[in-house]
2 protein chains.
Amino acid sequence: MQVSRPYAEPLARLRQAGLRPTRQRLALARQLFQHGDRHVTAELLHGEAERAGIRVSLATVYNTLHQFTAAGLLREVVVDAGRSYFDTNVRNHHHFFHEDSGELRDIPGEGIQVTGLPGAPDGKEVARIEVIVRLRPRD
Amino acid sequence: MQVSRPYAEPLARLRQAGLRPTRQRLALARQLFQHGDRHVTAELLHGEAERAGIRVSLATVYNTLHQFTAAGLLREVVVDAGRSYFDTNVRNHHHFFHEDSGELRDIPGEGIQVTGLPGAPDGKEVARIEVIVRLRPRD
DNA sequence: GTGTTTGCAAAGTGTTTGCAATTTA
DNA sequence: TAAATTGCAAACACTTTGCAAACAC
């Protein structure tokens with residue numbers, strides 16, 4: 001029988017990313033990666049960490065989110081002016097965005113295809129194609 | 001021969017939208033709609049207006065952009081955290097976003113099709129499907 | 001020990017708001 | 001004149017920065 005090792009994976013992720021596994025980074029990595037695919041804002045993650053008894057400053061949460069993003073552990077999603085979401089799902093996928101509640105939800109990428117797009121302009125390459133389905137309450 | 005009437009159209013747009021054609025709104029409407037399809041930020045439009053000798057406060061530019069958006073004369077595009085773009089093209093279309101320069105460019109909507117999307121969740125309807133092609137300089 | 005990371009508080013952005021003065025119909 | 005609109009300055013929300021203290025290796 002496989003024994004669960006709840007803390008091994010976050011540590012391995014940090015090591016692999018070349019980030020020192022400090023107390024704060026480890027704790028945030030656990031919050032982020034041990035609960036399936038998540039969409040968090042800095043404020044949300046900070047509040048969650050505090051409630052979980054982890055002492056981290058908001059500035060460190062911001063730093064950490066950006067470091068994780070640069071390392072490819074997270075993806076930043078922009079759907080709302082003036083608020084950044086970070087997505088623990090870095091696989092190919094898209095999003096439903098609930099405009100009323102601010103909720104962001106994954107749409108798995110496998111089935112989805114965008115056809116008819118022109119190629120990238122000269123000297124540029126496509127970093128990513130994002131599909132955002134904006135939802136509102138049905139009238 | 002048709003005589004050009006450079007100021008008639010903005011005025012008609014405002015009337016149709018039920019917005020009083022004040023000096024500021026008219027001037028901003030001209031800046032926005034008389035130069036083809038444009039993507040502007042509030043700061044950009046404000047600077048442009050000032051340079052054109054139009055006295056408008058930044059607060060009024062923000063108010064106006066939102067009123068125009070609510071009236072369907074503009075569309076707000078969110079591609080960059082902490083900066084709102086307003087698009088004078090309200091037809092069906094998508095965007096190239098140049099991540100290095102912040103430039104936003106239209107992709108006409110006609111040819112483009114997104115397939116494989118799941119339907120909207122219960123109680124919600126699709127307000128809009130946005131396709132954003134993020135570009136970076138080719139390495 | 002040495003270089004990295006953290007936390008705090010201050011500063012920075014872009015945006016919104018309250019309200020008196022002005023303008024429009 | 002009555003109601004809508006404007007401008008200013010202050011308030012806002014979110015994010016970044018500078019730097020001394022704490023920490024990881």
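In what follows, every chain begins at residue 1, and chains take the letters A, B, ... in the order their sequences are listed. Only a predicted model underlies this, so the values are computations on that prediction, with no experimental measurement involved. As a basis for the values below, the full set of heavy atoms in this structure was taken, side chains included, without hydrogen atoms, waters or symmetry mates.
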Quiz prompt | Among A/N89, A/D87, A/L65, A/T64, the one residue meeting side chain to side chain contact (heavy atoms under 4.5 Å, CB included) with A/L74 | solution = A/L65
If we ignore hydrogens and angles and just use 3.5 Å, is the side chain of [X] paired with the main-chain N or O of [Y] as donor and acceptor?
{"X": "B/R38", "Y": "B/Q31", "value": "yes"}
{"X": "B/R91", "Y": "B/P108", "value": "no"}
{"X": "B/H93", "Y": "B/G109", "value": "no"}

Quiz prompt | Aromatic B/F33 / basic B/R13 pairing, under 6.0 angstrom, 45° off normal | solution = yes
Send over the distance from [X] [atom1] to [N] [atom2], rounded to a whole Å.
{"X": "B/Q67", "N": "D/dT6", "atom1": "CD", "atom2": "P", "value": "7 Å"}
{"X": "B/L14", "N": "C/dT24", "atom1": "CG", "atom2": "P", "value": "13 Å"}
{"X": "B/L11", "N": "C/dT24", "atom1": "CG", "atom2": "C1'", "value": "13 Å"}
{"X": "B/E50", "N": "D/dG7", "atom1": "CD", "atom2": "C1'", "value": "13 Å"}
{"X": "A/R55", "N": "C/dT5", "atom1": "CZ", "atom2": "C1'", "value": "15 Å"}
{"X": "A/L45", "N": "D/dT15", "atom1": "CG", "atom2": "C1'", "value": "15 Å"}
{"X": "B/R23", "N": "C/dT23", "atom1": "CZ", "atom2": "C1'", "value": "8 Å"}
{"X": "A/D80", "N": "C/dT16", "atom1": "CG", "atom2": "C1'", "value": "15 Å"}

Quiz item: Closest nucleotide of DNA chain C for B/Q24 versus for A/V56: which of these residues is on the 5' side?
Solution: A/V56
Exercise. For the pair B/D106 and B/H94, evaluate side chain to side chain donor-acceptor pair (under 3.5 Å) and give the outcome as yes or no after the intermediate values.
Key: CA-CA 6 Å; B/D106 284 356; B/H94 300 288; over 6 Å; no
Pairs under 3.5 angstrom, nitrogen or oxygen only, protein versus nucleotides 11-15 of chain C, please.
unit_1	atom_1	unit_2	atom_2	d
C/dG14	OP1	B/R83	NH1	3.4
C/dG14	OP1	B/R83	NH2	2.8
C/dG14	O3'	B/G82	O	3.4
C/dT15	OP1	B/S84	N	2.8
C/dT15	OP2	B/Y62	OH	2.3
C/dT15	O5'	B/Y62	OH	3.0

Practice problem: Measure the NE2-CZ distance between B/H95 and B/R105 for me, rounded to the nearest 0.5 Å. | Solution: 11.0 Å
Quiz item: How long is the gap from CD on B/E76 to NE2 on B/H66, to the nearest 0.5 Å?
Solution: 5.0 Å
Exercise. State whether the distance check finds a donor on one side and an acceptor on the other, under 3.5 Å, for side chain A/R20 versus base C/dT5.
Key: no
Exercise. Report yes if at least one side-chain N or O of A/T22 is closer than 4.0 Å to OP1 or OP2 of C/dT6; otherwise report no.
Key: yes
Quiz prompt | Phosphate-side-chain proximity, A/T60 and C/dG7, N/O vs OP1/OP2 below 4.0 Å | solution = yes
Exercise. Please give the angle, rounded to 10 degrees, between the axes at the start and the end of the helix from C/dG1-D/dC25 to C/dA25-D/dT1, where five pairs define each axis.
Key: 30°
Quiz item: Below 6.0 angstrom between ring centroids: does that apply to B/Y62 and B/H46?
Solution: no
